[in-house]
Amino acid sequence: MLKFNFEEQLKNTINNFAKSKGIEEQISFVVEIPPKNINADLALNAAMIIAKKVRTNPRIIATELIEIISKEFANTIKSAEIAGAGFINLHFTDEFLQQELNKILSKKQDYAKQENVNKDKIMVEFVSANPTGPLHIGHGRGAAIGDSLSRILKHLGYNVVKEYYLNDVGNQMNVLGESTKTRYRQLKGEDIPFLEDGYKGEYIKDIAQDLINEGKKFEEIDFKKESHTRILETIKKDLEQFRVNFDSWFSESKIASDKDENGKTQVDNVCQYLKEKGDAFEQDGALWLKSTLYGDDKDRVLRRTDGRYTYLASDVAYHKNKYEREFAQVINLWGADHHGYVARIMAAIQMLGQKKEALKVILYQLVSLVRNGQPVAMSTRSGEFITLKDVLDEVGTDACRFFFLLRAPDSQLEFDLELAKKQTSENPVFYVQYVNARCQSILKDYKEDSSTANLSLLSTKEEKDLIKKLISFEDTLLICDKTKSPHHLTTYLIETADIYHRFYEKCRVLGEDKELEKARIQLLKAVSIIITVGLDLLGVSAPNKM
RNA sequence: GCGCCCAUAGCUCAAUUGGAUAGAGCGUUUGACUACGAAUCAAAAGGUUAGAGGUUCAACUCCUCUUGGGCGCGCCA
């Protein structure tokens with residue numbers, strides 16, 4: 001992880017220094033952007049780590065290191081000092097800031113793209129809602145996180161494939177077909193009861209009504225197929241409205257129904273394989289996965305006594321299939337209610353010869369919808385849940401995505417519909433979008449060529465703070481990668497907006513001295529690039545006018 | 001009962017995975033539009049990080065216990 005090009009050299013220098021102190025192994029220290037309350041551009045904890053190894057005072061080590069660093073990095077580091085328990089705080093030279101600012105201006109939307117690294121193939125599997133009903137608000141959170149994380153990883157140079165796993169086989173599809181059929185007959189006037197465990201949502205009635213309107217004959221309708229394709233169609237439409245597009249739709253039938261030359265499905269084969277390997281065993285007429293071998297609470301059934309496979313069996317086969325497609329890392333986004341499932345699937349992939357690290361399951365906590373402070377009920381049982389589409393139609397895609405990406409997946413999210421709709425400062429999405437609108441309203445009237453600007457004229461605190469924030473964009477994306485969460489980017493954009501608005505207040509652009517005006521125009525262009533790219537990675541638009 | 005996640009300012013949440021004086025937004029109070037968009041800015045108040053122990057040079061972060069919340073615990077998907 002390198003955010004600035006001199007970092008590698010810095011690490012070498014420090015490691016050589018450590019060697020001179022008699023430390024042979026590579027030491028692991030961080031080069032980081034310090035917390036806000038610290039007045040520094042970069043911080044190193046290397047002195048503390050070296051001091052511990054050679055059992056001496058970190059401040060002595062730090063003093064020696066500072067001397068070396070200030071000499072060797074005079075072009076980038078203006079000054080360095082010891083702080084706290086032995087941190088070394090670094091300050092950039094103005095030349096370095098200008099150079100980085102130029103990098104943003106020349107690379108434009110490709111800024112912070114990593115080249116010739118991270119060629120690994122990564123799969124991000126998310127949403128994967130059963131095609132038995134429309135997407136609800138919870139799927140929306142998973143969709144936003146998965147899509148945005150994918151965009152960020154792609155920007156960082158990974159080869160990312162976004163996949164939707166479609167559970168389109170099994171009993172649930174039969175129930176779906178029967179549900180529609182029953183509704184159809186009821187609408188035709190038959191006095192029959194609805195299925196006990198059928199799908200009770202209004203959308204089933206709508207499908208039945210559509211089928212009636214289309215005038216098809218009852219005997220000729222394949223209710224299962226019709227329901228499935230129509231629901232899938234609405235799911236795809238909702239995702240499109242949400243600006244989420246998948247690279248791959250993977251159907252469960254491929255591994256659970258399709259047969260190879262021996263008449264076996266992929267599920268058959270993987271179960272056979274695990275059995276031969278000794279990781280699965282027969283007991284009480286069922287086939288069990290010995291998941292306790294890898295830390296699960298209990299062993300799990302793969303094939304029932306009646307011969308039918310469980311959902312787990314397909315999922316094991318599905319994951320085997322993923323690795324056969326040569327994904328170095330697989331990321332799954334699951335709702336937190338699936339957490340009990342993590343241990344068994346982790347066990348399974350290890351049985352299949354993968355390292356634990358090859359699978360990362362991100363659990364996102366559920367969303368609670370609030371309107372005017374009052375909770376909005378959403379129970380799938382009664383069929384009355386809030387669909388993603390309802391929310392999108394009400395608050396719009398931008399606000400919806402931004403709100404979903406505001407928090408770490410681990411924390412429960414309160415989503416206030418009224419707040420998301422507000423076009424005021426209470427609403428952070430407008431606060432960030434407003435930055436670009438302000439930039440563009442100045443830039444649109446500026447006709448001169450600013451590319452020759454002398455950036456050293458950007459000398460006020462506000463301007464320097466803004467440049468420093470802009471050049472930490474790359475670091476922010478790397479943190480998102482490391483923590484596998486886009487919310488750091490959302491926070492970054494809000495902070496950047498804050499610093500920009502402060503700059504805007506203090507520093508006039510148009511009508512200043514011609515040269516200063518030019519330099520500030522360049523700064524505005526850079527701001528606009530970062531805000532636009534950053535919002536795009538969240539899947540949020542950055543309009544020029546609002 | 002067992003397991004997973006969580007508990008941070010009045011409210012909603014951050015804190016770069018063990019670092020420094022725990023930060024934002026909203027809300028509250030007080031100010032700023034005859035200059036590029038006031039959808040903005042400046043300032044103030046607000047904290048024993050649920051509680052108690054422990055590990056460490058260093059703990060919101062790791063370990064143990066307690067309290068309080070969410071979610072799981074099927075040969076369902």
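Residue numbering restarts at 1 for every chain, and letters A, B, ... go by the order of the sequence lines.
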Exercise. Under a 4.0 Å N-O cut-off, is there an ion pair linking A:Arg502 with A:Glu505?
Worked result: no
Exercise. In whole Å, what is the span from the CD atom of A:Gln412 to the C1' atom of B:rC11?
Worked result: 16 Å
Seminar exercise, completed: Picking from B:rG37, B:rC75, B:rA35, the nucleotide nearest the side-chain atoms of A:Met546 would be B:rG37
Problem set entry | Listed nucleotide nearest any side-chain atom of A:Val509, set B:rG37, B:rC36, B:rC71 | B:rC36
For this session: Hey, which sits more toward the 5' end of RNA chain B by its nearest nucleotide, A:Leu510 or A:Ile49?
Result: A:Ile49
Problem set entry | Nucleotide B:rU16, atom P - distance to CG of A:Asn45 in whole Å | 14 Å
Exercise. In terms of side-chain heavy atoms of A:His487, which of B:rA20, B:rA15, B:rG72 is nearest?
Worked result: B:rA15
Seminar exercise, completed: Among B:rG69, B:rG25, B:rA77, the one nearest any side-chain atom of A:Asp498 is B:rG25
For this session: Look at A:Lys322 together with A:Glu125 and state whether they make a salt bridge at an N to O cut-off of under 4.0 Å.
Result: yes
Problem set entry | Atom C1', compared across B:rG25 and B:rU40: separation rounded to whole Å | 15 Å
Exercise. Taking the side chain of A:Thr491 as its heavy atoms from C-beta onward, which of B:rC75, B:rA14, B:rA20 lies nearest to it?
Worked result: B:rA14
Problem set entry | Length of the NZ-P vector between A:Lys468 and B:rU16, whole Å | 22 Å
Problem set entry | Pairwise C1' distance, B:rU21 and B:rC60 [rounded to whole Å] | 15 Å
For this session: Have a look at A:Cys507 and say if it touches a base, only the backbone sugar-phosphate, or nothing, with a 4.0 Å heavy-atom cut-off.
Result: base
Problem set entry | Atom P, compared across B:rG3 and B:rG46: separation rounded to whole Å | 42 Å
Problem set entry | Dot-bracket encoding of pairs in RNA chain B, which uses [ ] for pseudoknotted crossings and | for another strand, Watson-Crick or G-U under 3.5 angstrom | (((((.(..((((.....[...)))).(((((.......))))).....(((((..]....)))))).)))))....
Exercise. On the ring face of A:Tyr504, is A:Arg438 found with NZ or CZ under 6.0 Å from the centre and within 45° of the axis?
Worked result: yes
For this session: Could you please name the option among B:rC36, B:rG19, B:rU17 that lies closest to any side-chain atom of A:Ile442?
Result: B:rC36
Problem set entry | Nearest-Å distance once atom C1' is located in both B:rA24 and B:rG18 | 23 Å
For this session: For nucleotides B:rA44 and B:rA7, find the distance between their C1' atoms and express it as a whole number of Å.
Result: 29 Å
Problem set entry | Which nucleotide in B:rU40, B:rC5, B:rA24 has an atom nearest any side-chain atom of A:His501 | B:rU40
Exercise. Just checking A:Ser441: base, sugar-phosphate only, or nothing, at a heavy-atom cut-off of under 4.0 Å?
Worked result: base
Exercise. Of the nucleotides B:rA20, B:rC41, B:rC13, which has the atom closest to the A:Ala43 side chain?
Worked result: B:rA20
For this session: In whole angstrom, give the distance that lies between atom CD of A:Gln172 and atom P of B:rC76.
Result: 13 Å
For this session: Using the P atom as the reference point in each nucleotide, state the distance between B:rC13 and B:rU55 in Å, no decimals.
Result: 34 Å
For this session: Pick base, sugar-phosphate or nothing for A:Ser411, based on heavy-atom distances below 4.0 Å to the nucleic acid.
Result: sugar-phosphate
For this session: Whole angstrom is fine here: how far is it from CD in A:Glu495 over to P in B:rA15?
Result: 11 Å
Exercise. Hey, does A:Thr483 reach any base, or is it just sugar-phosphate, or nothing, if we go heavy atoms under 4.0 Å?
Worked result: base
Exercise. Does the side chain of A:Arg502 get closer than 4.0 angstrom to OP1 or OP2 of B:rA42 through an N or O atom?
Worked result: yes
Exercise. P atom, B:rU28 versus B:rC4: distance in rounded Å?
Worked result: 42 Å
Problem set entry | RNA chain B: 5'-proximal contact among A:Lys444 and A:His488 (nearest heavy atom) | A:His488
Exercise. Is the shortest side-chain N/O distance from A:Arg438 to OP1 or OP2 of B:rA38 below 4.0 Å?
Worked result: yes
Exercise. Taking A:Val540 as the fixed residue, which of A:Thr490, A:Asp398, A:Thr397 is the one that meets the side chain to side chain contact (heavy atoms under 4.5 Å, CB included) rule?
Worked result: A:Asp398
Problem set entry | Any side-chain donor near an acceptor of the partner, A:Lys545 and A:Ser441, under 3.5 Å | no
For this session: Select base, sugar-phosphate, or nothing to describe what A:Leu312 touches, counting heavy atoms under 4.0 Å on all strands.
Result: nothing
Problem set entry | Integer-rounded Å distance: B:rG72 P and A:Tyr341 OH | 16 Å
For this session: Using the salt bridge (Lys or Arg N to Asp or Glu O under 4.0 Å) rule, take A:Arg520 and A:Glu517 through it: C-alpha gap first, then chi angles, then the decisive distance, then the call.
Result: CA-CA 5 Å; A:Arg520 287 184 173 162; A:Glu517 181 180 88; over 6 Å; no
Problem set entry | A:Tyr341/A:Val361 under side-chain contact (heavy atoms from CB on, under 4.5 Å): CA gap, chis, key distance, verdict | CA-CA 10 Å; A:Tyr341 207 76; A:Val361 179; over 6 Å; no
Exercise. So do the side chains of A:Glu394 and A:Glu418 get within less than 4.5 Å of each other, counting heavy atoms only?
Worked result: yes
Problem set entry | Base orientation of B:rU17, syn vs anti, 90° cut from 0 | syn
Problem set entry | Polar side-chain contact A:Asn89-B:rA20 base: donor and acceptor under 3.5 Å | yes
Exercise. Reckon A:Asn130 touches a base, only the sugar-phosphate, or nothing at all at heavy-atom distances under 4.0 Å?
Worked result: sugar-phosphate
Exercise. Within the structure shown, what part of the strands sits under 4.0 Å from A:Pro34 by heavy-atom distance: base, sugar-phosphate, or nothing?
Worked result: base
Exercise. Is the shortest side-chain N/O distance from A:Arg304 to OP1 or OP2 of B:rC76 below 4.0 Å?
Worked result: yes
Problem set entry | From B:rG37, B:rC73, B:rC4, nucleotide with atom closest to A:His339 side chain | B:rC4
Exercise. Between A:Lys21 and A:Glu64, is the closest basic N to carboxylate O distance under 4.0 Å?
Worked result: yes
Exercise. To the nearest Å, how far apart are A:Glu414 CD and B:rC6 P?
Worked result: 19 Å
Exercise. Which residues pass the side chain to side chain contact (heavy atoms under 4.5 Å, CB included) test with A:Asp410, sequence neighbours left out?
Worked result: none
Problem set entry | Short N-O contact, A:Glu495 and A:Lys469, less than 4.0 angstrom | yes
For this session: State whether A:Lys482 places a side-chain N or O below 4.0 Å from either non-bridging phosphate oxygen (OP1 or OP2) of B:rU17.
Result: yes
Exercise. Reckon A:Lys506 touches a base, only the sugar-phosphate, or nothing at all at heavy-atom distances under 4.0 Å?
Worked result: nothing
Exercise. Once you round it to whole Å, what is the distance between C1' of B:rU16 and CD of A:Glu474?
Worked result: 14 Å
Exercise. Using atom P of each nucleotide, how far apart are B:rA52 and B:rU12 to the nearest Å?
Worked result: 23 Å
Seminar exercise, completed: Ranking B:rG72, B:rA22, B:rU12 by distance to the side chain of A:Asn37, first place goes to B:rA22
Exercise. Quick one: is A:Tyr431 getting a side-chain N or O under 4.0 Å of the B:rC41 phosphate, OP1 or OP2?
Worked result: yes
Problem set entry | Presence of salt bridge, A:Lys275 and A:Glu282, under 4.0 angstrom | yes
Exercise. Is B:rC33 syn or is it anti, if syn means the base angle is within 90 degrees of 0?
Worked result: syn
